Amino acid sequence: MSNFSVAFRDAGDVTVLAICGELDAHTAPELESAIKKCRDEGKAKLVVNGSDLEYISSAGLGVFMAFIEEIRALDGDIKICALKSKIFNVFDLLGFPLIYHIVETEEEAISLFKQGIKPI
Amino acid sequence: MDRASITHTLIVPSATRHLIKVRKFVVESARQAGVNETHIEALQLAVDEACANIIEHAYQGNSANKVNLTMTIEATRVIVRIRDHGRSFDRRAYQRPDVVELSRNRKSGGLGVDIIRRLMDHVEYFSEDGVNEITLIKLLRSDPSSSISSIE
């Protein structure tokens with residue numbers, strides 16, 4: 001049984017991926033499949049809500065790196081929100097906030113799309 | 001912090017589904033010895049990264065092998081030694097990753113060693129007679145600069 005899950009939710013033309021549990025080398029393929037599913041369905045405005053994410057390693061960070069260019073080429077973006085501070089610190093350690101929108105709330109992430117604010 | 005040295009060991013099969021067991025081992029051993037949570041988070045992530053690299057690169061995903069961990073908690077530092085019998089890591093080929101460049105090239109890997117180096121105070125690696133061993137040392141000072149913090 002996996003200790004990681006992804007739930008999908010629509011917020012207008014934005015798709016929210018609520019991720020829960022521990023994202024490591026074992027579970028990262030599940031996030032990868034979830035993002036691929038969105039892409040294949042033509043959904044490119046993605047918000048990853050990490051409020052229930054308890055752990056992330058480089059394998060999890062790698063999923064964001066692998067897809068960001070492709071999603072942005074589709075005129076979309078992957079925005080990340082609601083991270084616990086211990087999780088944000090891992091993103092921050094490697095400089096992710098320099099190229100990814102990482103915000104505090106889901107509402108804020110969705111509004112970045114609504115305002116047409118372009119990726120960093 | 002006043003404590004005698006304590007050593008814990010763990011042997012796990014070389015499959016990523018066991019990484020959760022590795023993290024639990026690190027967290028519980030360190031917590032039991034009174035190591036602070038910030039240091040525990042750093043140790044947990046660094047050890048996970050080292051084991052994930054062994055599983056993926058040294059053993060090439062072959063789950064029939066073993067990863068051996070020894071964690072020694074002293075009064076002023078934690079030493080984790082992780083041993084495998086797979087392919088050795090070529091340090092000469094290692095280049096510090098750039099997240100912007102990796103994202104641009106749609107790469108998902110290459111961050112693990114950098115994370116380990118950023119989080120640990122000392123990292124040693126040796127390979128001899130078919131045995132590879134990485135040693136991670138975390139000093140137990142209260143200086144917050146040794147914890148998971150922003151890029152320098």
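Residue numbering restarts at 1 for every chain, and letters A, B, ... go by the order of the sequence lines. Please read all numbers here as calculations on a predicted model, not as lab measurements.
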Quiz prompt | Toward chain B, the part of A/Glu32 with a non-hydrogen atom under 4.5 Å | solution = neither
Self-check item: Greater than 12 external heavy atoms within 6.0 Å of B/Lys24's NZ
Solution: no
Quiz prompt | Test item: A/Leu98 and B/Val99 side chains (from C-beta on) under 4.5 Å apart, heavy atoms | solution = no
Practice problem: Apply side-chain hydrogen bond (donor to acceptor under 3.5 Å, both in side chains) to B/Glu128 and list each qualifying residue two or more places apart in sequence or on a separate chain. | Solution: none
Quiz item: Are any of the side-chain nitrogens in B/Glu37 or A/Lys86 under 4.0 Å away from the carboxylate oxygens of its partner?
Solution: no
Self-check item: same_hphob_cluster(B/Val67, B/Val131) at 4.5 Å side-chain heavy-atom cutoff
Solution: no
Quiz item: Just how far is it from atom OG of B/Ser103 to atom CD1 of A/Ile78, taken to the nearest 0.5 Å?
Solution: 9.5 Å
Self-check item: Heavy-atom contact with chain B under 4.5 Å, split by part of A/Tyr55
Solution: side chain
Self-check item: Atom CG of A/Asp75 with >12 non-hydrogen neighbours under 6.0 angstrom
Solution: no
Quiz item: Quick one: does B/Ile20's side chain get under 4.5 Å of A/His26's, heavy atoms only?
Solution: no
Quiz item: Taking ILVMFWY side chains as joined if any heavy atoms are under 4.5 angstrom apart, and letting links pass through other members, which residues group with B/Phe126?
Solution: none
Quiz item: Members other than A/Val14 in its cluster, when Ile, Leu, Val, Met, Phe, Trp, Tyr link by side-chain heavy atoms under 4.5 Å?
Solution: A/Val16, A/Val47, A/Ile110, A/Phe113
Practice problem: Tell me whether A/Leu74 is reachable from A/Leu46 by hopping between hydrophobic residues (I, L, V, M, F, W, Y) whose side-chain heavy atoms are closer than 4.5 Å. | Solution: no
Quiz item: Within a radius of less than 6.0 Å around CZ of B/Arg106, do more than 12 heavy atoms belonging to other residues, nucleotides or ligands occur?
Solution: yes
Quiz item: Where do A/Met65 and B/Leu111 come nearest, in terms of heavy atoms and distance?
Solution: CE-CD1, 3.7 Å
Self-check item: Minimum side-chain heavy-atom gap B/Asp114-A/Leu94 below 4.5 Å
Solution: yes
Exercise. Could you have a look at B/Ile115, B/Asp98, B/Asn105 and say which one has the most heavy-atom pairs with chain A under 4.5 angstrom?
Key: B/Ile115
Quiz item: Mind checking whether A/Phe64 and A/Phe8 sit in one hydrophobic cluster, side chains of I, L, V, M, F, W, Y counted as touching below 4.5 Å?
Solution: yes
Quiz prompt | Any side-chain heavy-atom pair of A/Val63 and B/Ser108 under 4.5 Å | solution = no
Quiz item: Atom CG of B/Asn53 and atom OG of A/Ser58: how far apart are they, to the nearest 0.5 Å?
Solution: 7.0 Å
Quiz item: Are A/Glu22 and B/Leu19 side-chain neighbours, meaning at least one heavy-atom pair lies under 4.5 Å?
Solution: no
Self-check item: Residue among B/Arg23, B/His18, B/Lys107 with most heavy-atom pairs under 4.5 Å to chain A
Solution: B/Arg23
Quiz item: Among A/Ala25, A/Ala59, A/Ala28, who wins on heavy-atom pairs under 4.5 Å with chain B?
Solution: A/Ala25
Quiz item: If contact means a heavy atom pair closer than 4.5 Å, which residues of residues 54-64 of chain B contact chain A?
Solution: none
Quiz item: Roughly how far, to the nearest 0.5 Å, is CG of A/Asn3 from CZ of B/Arg17?
Solution: 13.0 Å
